[in-house]
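Keep in mind that this is a model prediction, so the values were computed, not measured.
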Amino acid sequence: MIKRLHQDNYYELVYGLTRMIPKGRVCTYGAISDFLALGSPRMVGWALNQSHAYPDIPAHRVVNRKGELSGRNHWNPPSRMAELLMSEGVEIENDCVKNFSSLFWGPQEISE
DNA sequence: TGTTTGACCACGG
DNA sequence: GCCGTGGCCAAAC
């Protein structure tokens, strides 16, 4: 049910979708770009790179398709990303989301 | 203005 | 399963 977020901006879609990721779940760049049908997963990375300007974007819940915290290097202290995830109950091991397949949250779940 | 570079992914070998 | 390749599209240079 993606309600009209400002669809003028590509970023708003990514941000809006990212905000919908439930606590304790994770999503992937590919899933986001695929659901939005907006080009490439790399753009999601670019969009999230700007997400520092938006305080309420849980960008830590977005990982690559392997469940690896690929973007942690862009976090304030890089360890912050894992800490946020762990504080939500997501287990992190070796910079990877443990039990990633089960914790994965696909955008399809909101399109019902 | 053309080239390079990304918080990536799918595919073929 | 790992590795190299190509594609993707917007910013930065």
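- Going from atom CG of A/Asn64 over to atom C1' of C/dC8 covers 17 Å, rounded to whole Å.
- Considering only the side chain of A/Tyr11, C/dA11 comes nearest among B/dA7, B/dA10, C/dA11.
- Note on A/Thr18: nothing from the nucleic acid sits closer than 4.0 angstrom, heavy atoms only.
- Separating the CD1 atom in A/Ile21 from the NE2 atom in A/His60 is a distance of 8.5 Å, to the nearest 0.5 Å.
- Using atom P as the reference point in both C/dC9 and B/dT1, the two lie 22 Å apart (nearest Å).
- The CZ-C1' distance, from A/Arg65 to B/dA10, rounds to 8 Å in whole Å.
- The backbone N or O of A/Ala47 lies less than 3.5 Å from a partner atom in the side chain of A/Tyr15, making a donor-acceptor pair.
- Summarising the geometry, the separation between CZ on A/Phe35 and C1' on B/dC9 is reported as 19 Å, rounded to the nearest angstrom.
- The side chain of A/Ser40 approaches C/dC8 more closely than any other nucleotide in the set C/dA10, B/dA7, C/dC8.
- Between A/Asp34 atom CG and C/dC8 atom C1' there is a gap of 13 Å when expressed in whole angstrom units.
- Across the protein-nucleic acid pair, A/Glu68 atom CD and B/dC9 atom P stand 10 Å apart, rounded to whole Å.
- Within 6.0 Å of atom CD in A/Glu68, more than 12 heavy atoms from other residues, nucleotides or ligands are found, so the atom counts as buried in its surroundings.
- As rounded to whole Å, 14 Å separates atom P of B/dA7 from atom OH of A/Tyr15.
- Between A/Val63 and A/Met43, the one whose closest nucleotide on DNA chain B sits nearer the 5' end is A/Met43.
- Remark: P of C/dC3 and NZ of A/Lys66 are 10 Å apart, rounded to the nearest angstrom.
- Here C/dA12 is the nucleotide among C/dA12, B/dA7, B/dC9 with the atom lying nearest to any side-chain atom of A/Trp46.
- Whole-Å rounding puts the A/His52 NE2 to B/dA7 P distance at 13 Å.
- Residue A/Ala47 is classed as having no contact, given no heavy-atom separation below 4.0 Å to the nucleic acid.
- With a 4.5 Å cut-off on side-chain heavy atoms, A/Tyr54 and A/Arg19 count as touching.
- Under the 4.5 Å side-chain criterion, counting only non-hydrogen atoms from C-beta, A/Val97 is not in contact with A/Phe104.
- At the heavy-atom level, A/Asn49 lies under 4.0 Å from base atoms of the strands shown.
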